[in-house]
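Data first, discussion second: the structure below is written as structure tokens.
The sequence lines fix the lettering, A, B, ..., with proteins before strands; numbering per chain opens at 1.
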Amino acid sequence: MSDLVRVRFAPSPTGMPHVGNIRTALFNWLFARHHGGSFIVRIEDTDVTRRVEGAVEAILDSLRWLGLDWDEGPEVGGDYGPYLQSQRLEIYRAAAERLVKQGDAYLCYCPLERLEEMRREQVKKKQPPGYDRRCRALTEKERAELEAQGITPVVRFKTPLEGQIRFQDLIRGEVVFEAATIDDFVLLKSDGYPTYHLANVVDDHLMKISHVLRADEWLSSTPRHILLYKALGYEPPEFAHLPMILGSDRSKLSKRHGATSVIEYRDKGYLPEAVVNFLALLGWSLDDKTEIMGRDELVRNFSIERISKTGAIFSQEKLGWMNGVYMRRLSTEELVEQVVPFLDSGLPQTVKRPISRDYVRLIVPLTQERMRILSEVSELADFFFVDELDYRSVDLYLGMGLGADEQRLLEVKPGERYTGPLPYGAEKAPIALRTALEKLQALPSFDAPSLESVLRPLAAELGLKTGELFGLLRVAVTGRTAAPPLFQTMAVLGRERCLRRIGAALARLK
RNA sequence: GCCCCCAUCGUCUAGUGGUCUAGGACGUCAGCCUUUCAAGCUGGAAACAGCGAUUCGAAUUCGCUUGGGGGCACCA
């Protein structure tokens, strides 16, 4: 079947690309690539009112970012174009006309107000909402009268009044619908644009789409499509309805659940490989243990048979973990490349630009295993760049192991001086800093092993635990109680800056 | 209200009648490592929605119930 596989991703440009849509794109792409088939992108821009400026670009950017290349579609063209539905209106008009001529569709003159009113009534009476088919059997005379009123009609499909519509879904098996539960849906709107149903069926046929992999929310409109294929004399493609991606409350993933656009994930510093891997595992799995898989591995192993039926909650937590895994796998050079733009945008304005790549190259190994996403780098490493450290003086004692209870008692604001009771051994802090200062001044070479060789013995000399001394110095030198390993950090900062900072810490304690 | 879909740890999932006292991963808890934080390692808690039926035997098959989701536009 390999050369027959033609699948498509058909987004509508009504906003930023949703992760659910992109997951659909990914599955289609994986399926196409696995079978050596074609992956086609078609823009379904048939709703003029919902059109959003820049949405098409954002969608294509997302695909490119994730490495989902398309064989036919915008920018690359293809034999079945154009790939923007707004440029194919004549095709849909002709199809609708043909259906009317055949007696499978009819013109409907009902005004919007009537339809709305009718729907309200139906809902009130707990009836299933749907068009009441008033215009289905209009006489020539009635039609002429309505036409004379200058009403632009829509074209509606003449849904069979009885019988069943059944089809085989590749994921769900046989699905059956009663024709009677489907109303006469609109094919062509009064503005001349087709509805999704018409355009989708016509294009999937014309573009020789072999498999339609789309989200579960389309399952209930599939019988309409089957009906249309039949009426138009087309062979329907295979259908596979993908489980949906849900928010934490199990409803359709939306804005209120957090970031829903792939662009946001890119901008927050997720790696495309991680996002692809994570998305692939939302509704698909290889086996009982394999989780980390690159694009090639996914392509090699992907199959519809292993797609699950259940909706999957989008877990921010797990994505974060996975991103960390991919982040730790990068080489220093690769990570430097990725991280520089985030430092550039995330570091305070006072830090002079451009950011030195050579300097970043020294820092990256110290932060690599502490990052989950790229944008965290600025917060994690700002003390490597900033001149003045901003921290609470009490943190110096916290570094020495001041207990949590005592901490709560103190509650010292930034800049304020701590005057409360000192933890055991804390009176040694100024002495420790002063001694360290002297030793470091005299140190011949300011590298990590040398630093360790003088500071570790110093703790014993002062009667402090190593953790207490190192913690104190850590806060003095980085301004925080949690930071990368002390000696390496100091080596990167350099002697001059370390001495200055320890001096500043000393001043705080006086 | 009607139609359709779904149902294994909190989450993503493995499991296609016996190898399941249900496996892995995230998260969580404990311990180890350790100069802090991470990372890493080890271990723990944690699930077959319920009820019937089929069968020697059911997480796996069938039915019902319950629960959840989706759809019901001149939106896609």
Side-chain angles (χ1 to χ4, degrees), chain A residues 10-14 44-47 49-50 108 110 112 115-116 119 122-131 152-156 169 171-172 175-178 180-183 185-191 193-197 199-200 215-223 241 243-244 246 248-252 278 281-292 306 308-322 324 328 367-372 380 398-399 401 452 455-456 459 465-475 478 480-487:
Chain A
S12 72
T14 53
E44 311 225 326
D45 53 348
T46 55
D47 186 344
T49 61
R50 290 208 307 156
C108 168
C110 292
L112 241 36
L115 298 176
E116 276 160 19
R119 201 166 301 127
Q122 287 162 332
V123 170
K124 211 170 103 190
K125 285 196 262 173
K126 307 215 180 234
Q127 297 291 310
Y131 181 57
T152 325
V154 300
V155 177
R156 283 184 187 274
D169 185 276
I171 293 170
R172 324 217 163 237
V175 183
V176 186
F177 287 82
E178 289 295 328
T181 64
I182 303 168
D183 74 342
F185 54 98
V186 172
L187 298 174
L188 209 60
K189 306 179 233 177
S190 54
D191 63 1
Y193 278 75
T195 59
Y196 169 83
H197 305 300
N200 196 259
D216 211 15
E217 52 188 321
W218 296 107
L219 189 61
S220 41
S221 46
T222 305
H241 287 93
M244 305 230 302
L246 320 183
S248 42
D249 61 353
R250 292 219 153 268
S251 68
K252 210 164 161 179
F278 178 73
L281 259 19
L282 245 35
W284 178 85
S285 64
L286 173 57
D287 54 30
D288 58 344
K289 36 197 59 142
T290 317
E291 294 220 279
I292 303 297
R306 295 202 60 85
S308 62
K309 302 176 178 182
T310 331
I313 292 177
F314 187 92
S315 163
Q316 206 83 37
E317 279 301 325
K318 189 153 184 176
L319 205 211
W321 163 78
M322 193 171 275
R328 273 171 248 125
T367 57
Q368 184 158 25
E369 66 190 23
R370 272 158 263 264
M371 288 193 277
R372 295 196 118 198
L380 232 43
L398 291 183
E452 182 158 14
L455 293 177
R456 200 172 282 281
K465 290 186 206 155
T466 50
E468 291 171 335
L469 204 223
F470 296 171
L472 173 66
L473 287 171
R474 174 175 300 107
V475 174
T478 68
R480 45 186 79 189
T481 51
L486 183 61
F487 310 126

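- Residue-level contact check: A/Met244 touches the backbone only, with heavy atoms under 4.0 Å from sugar-phosphate atoms and none from bases.
- Using cut-offs of 30° and 60° for the angle between ring planes, the A/Phe314 and A/Phe278 rings count as perpendicular.
- Contact annotation for A/Lys189: base contact, defined as any heavy-atom pair under 4.0 Å involving a base atom.
- Within the 4.0 angstrom heavy-atom criterion, base atoms lie near A/Ala483.
- Taking 4.0 Å as the cut-off between side-chain N and carboxylate O, A/Asp216 and A/Arg172 count as a salt-bridged pair.
- In this structure, CG of A/Leu469 is placed 13 Å from C1' of B/U36, rounded to the nearest angstrom.
- When both distances must be under 3.5 Å, the Watson-Crick or G-U wobble mate of B/U28 is B/G44.
- As rounded to the nearest Å, B/G68 and B/U8 have C1' atoms that lie 15 Å from one another.
- Across every strand in view, B/A76 sits unpaired, with no contact that passes the Watson-Crick or G-U test at under 3.5 angstrom.
- The nearest whole Å value for the distance from the CZ atom in A/Arg250 to the C1' atom in B/C12 is 10 Å.
- Base contact: A/Pro485 has a heavy atom under 4.0 Å from a base atom.
- No engagement by A/Lys465 is indicated, since no non-hydrogen atom pair under 4.0 Å with the nucleic acid exists.
- Nucleotide B/U21 is matched to nothing when pairs are restricted to Watson-Crick or G-U wobble geometry with both distances under 3.5 angstrom.
- Out of B/A38, B/A14, B/C74, the shortest distance to the side chain of A/Glu369 is found at B/A38.
- Nucleotides B/G27 and B/C12, compared at atom P, are 15 Å apart to the nearest Å.
- Nucleic acid contact class of A/Pro153 (heavy atoms, under 4.0 Å, all strands): none.
- As judged by a 4.0 angstrom heavy-atom cut-off over every strand, A/Gly471 is placed among residues making no nucleic acid contact.
- Distances were taken from every side-chain heavy atom of A/Arg50 (C-beta onward) to each of B/G68, B/C75, B/C5; the shortest belongs to B/C75.
- Looking at heavy-atom distances under 4.0 Å, A/Val176 makes contact with sugar-phosphate atoms alone, never a base.
- A pairwise comparison of heavy atoms in A/Ala459 and A/Thr466 identifies CB-CA, 3.9 Å as the closest pair.
- If you check every strand for non-hydrogen atoms under 4.0 Å, A/Arg480 touches nothing.
- Here B/G70 presents its C1' atom at 15 Å from CD1 of A/Ile313, a figure rounded to the nearest Å.
- At a threshold of 4.0 angstrom between heavy atoms, the contacts of A/Gly324 with the nucleic acid are absent.
- Pairing partner, B/C51: B/G63, with both Watson-Crick or wobble hydrogen-bond distances short of 3.5 Å.
- Residue contacts shown for A/Leu486 include a base, since a base heavy atom lies under 4.0 Å away.
- Straight-line distance from the CG atom of A/Leu281 to the P atom of B/G24: 17 Å, rounded to whole Å.
- In this entry the distance linking CG of A/Leu246 with C1' of B/G70 reads 10 Å, nearest Å.
- Spacing between B/C33 and B/C26 at atom P, rounded to whole Å, works out to 22 Å.
- Nucleotides B/A59 and B/G31, compared at atom P, are 37 Å apart to the nearest Å.
- Across all strands, A/Thr481 comes closer than 4.0 Å to base atoms (heavy-atom distances).
- Using a 4.0 Å heavy-atom cutoff across all strands shown, A/Val154 reaches at least one base atom of the nucleic acid.
- Under the Watson-Crick and G-U wobble criteria, each requiring two contacts below 3.5 Å, nucleotide B/A58 is left unpaired.
- Among the heavy atoms of the strands lying under 4.0 Å from A/Leu282 are primed sugar atoms or P, OP1, OP2 only; no base atom is included.
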